[in-house]
Amino acid sequence: MSPEQGYQLVYNFMSLAIASMGASFFFFVSARGALKEGNRMAVTLSATVVLIAFYHYVRIFDSWVATAGGSLGEFNEAYRYVDWLLTVPLLVAELILVLRLDKRVESKLIQRNVLYAFLMIATGYIGEMDNQTSVVLDSSRTIWGAISTIFFVLILRDLFGGIDASFKRQSKEIQGIFKVLRVVLIATWGVYPIAYLLPTISTGLGLTAGDGLVLKQVGYTIADILAKPGYGLLIWKIATLKNSGR
Ligand SMILES: *C/C=C(C)/C=C/C=C(C)/C=C/C1=C(C)CCCC1(C)C
């Protein structure tokens, strides 16, 4: 990929992300009005998440445009991490809230997983800031990435194990969608650690260092579109089923 092609590819995906976040905000705000009071919270959180992401993608896009002269060092990756620090705990909370579990179980699960989400992003940030453009296997980046992955696994353990007990009381339909949601969550959230690793392993894969950085940005951006507006749509679907008493 030439540097110009790489620049253009990331530019287009970031632009698509701005459109997706903005449009889905409008959708979630409109859709929540049709739900009963008790079912609205999860959809309100979806709207909040995509609004926060809309703002950050405008900043991320500007920052990317500033690299047009060829200096990738100008790009401010911190916007992503500030965004994730706010949105990932909200996404975890909304997944638990939409099930309307027993209150005690619910608040324990939310507290614990919001903490894990926060630590996952914070430790990942330390690694990300380390030698952004390093092409050799950079141990500090890898170690912080591994620590971050521990928290990721703890979240998955709760969503696959911890919830199961109270989950049996949900209707068949909701259990079905919830299972889809968990798979979507693993498939989309799993893209982030892979994208994170790309700049480190790009030369090993026969890519240039520049390609590694471009693919990381494309990976993060596609994953954000699926994990925020996409995931929000599934949450909305569960909320509408709950609303009709199922
Ligand atoms: C809307 C943004 C979302 C859902 C972001 C999710 C981010 C992750 C699941 C990030 C995970 C990471 C690891 C598991 C290890 C490497 C560092 C991270 C932060 C990229």
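Computed over heavy atoms, backbone and side chain alike; hydrogens, waters and symmetry mates excluded. In listed order, ligands and their atoms are each counted from 1.
The distance from ligand 1 to the heavy atoms of T87 drops below 4.0 Å at these ligand atoms: 1 (C). For ligand 1, the atoms lying closer than 4.0 Å to a non-hydrogen atom of S148 are 12 (C), 13 (C), 14 (C), 15 (C), 16 (C), 17 (C), 18 (C), 19 (C). Ligand-side atoms of ligand 1 in range of G145: 15 (C), range being under 4.0 angstrom from any heavy atom. Taking a cut-off of under 4.0 Å to the non-hydrogen atoms of L91, the atoms of ligand 1 that pass are 1 (C), 4 (C). The contact set between ligand 1 and V88, taken as ligand atoms under 4.0 Å from a residue heavy atom, comprises 2 (C), 3 (C), 4 (C), 5 (C), 6 (C).
R157 forms no cation-pi arrangement with Y116, by the criterion of a distance under 6.0 Å to the ring centre and an angle within 45° of the ring axis.
Residue-level proximity to ligand 1 for V49 is absent, since no heavy atom of it falls below 4.0 angstrom. Only the side chain of D224 comes within 4.0 Å of ligand 1, judged by heavy-atom distances.
Of the protein's heavy atoms, Y192 CG, 3.5 Å lies nearest to atom 7 (C) of ligand 1. Here the heavy atom of the protein found nearest to atom 1 (C) of ligand 1 is K228 NZ, 1.5 Å. Nearest protein neighbour of atom 9 (C) of ligand 1, counting heavy atoms only, is M120 CE, 3.4 Å.
A salt bridge is defined here as a Lys NZ or Arg NE, NH1 or NH2 lying under 4.0 Å from an Asp or Glu carboxylate O, and R59 with D83 fails to meet this definition. Between K216 and D211 no salt bridge is recorded (no basic side-chain N to carboxylate O distance below 4.0 Å).
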Donor-acceptor pairs under 3.5 Å, side chain of residues 144-151 to any protein atom, not counting sequence neighbours: which ones?
residue : atom : partner : partner atom : Å
S148    : OG   : M120    : O            : 2.8
T149    : OG1  : G145    : O            : 2.7

Report, one line per pair, each donor and acceptor closer than 3.5 Å where one atom sits in a side chain of residues 11-29; sequence neighbours left out.
residue : atom : partner : partner atom : Å
N12     : ND2  : Q8      : O            : 3.4
S20     : OG   : L16     : O            : 2.7
S24     : OG   : S20     : O            : 2.7
S24     : OG   : M21     : O            : 3.2

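At distances below 3.5 Å, at least one donor-acceptor pair connects side-chain atoms of R40 with backbone N or O atoms of R32. Side chain of Y231 to main chain of L91: a donor-acceptor pair is present (N/O by atom type, distance under 3.5 Å, no hydrogens or angles).
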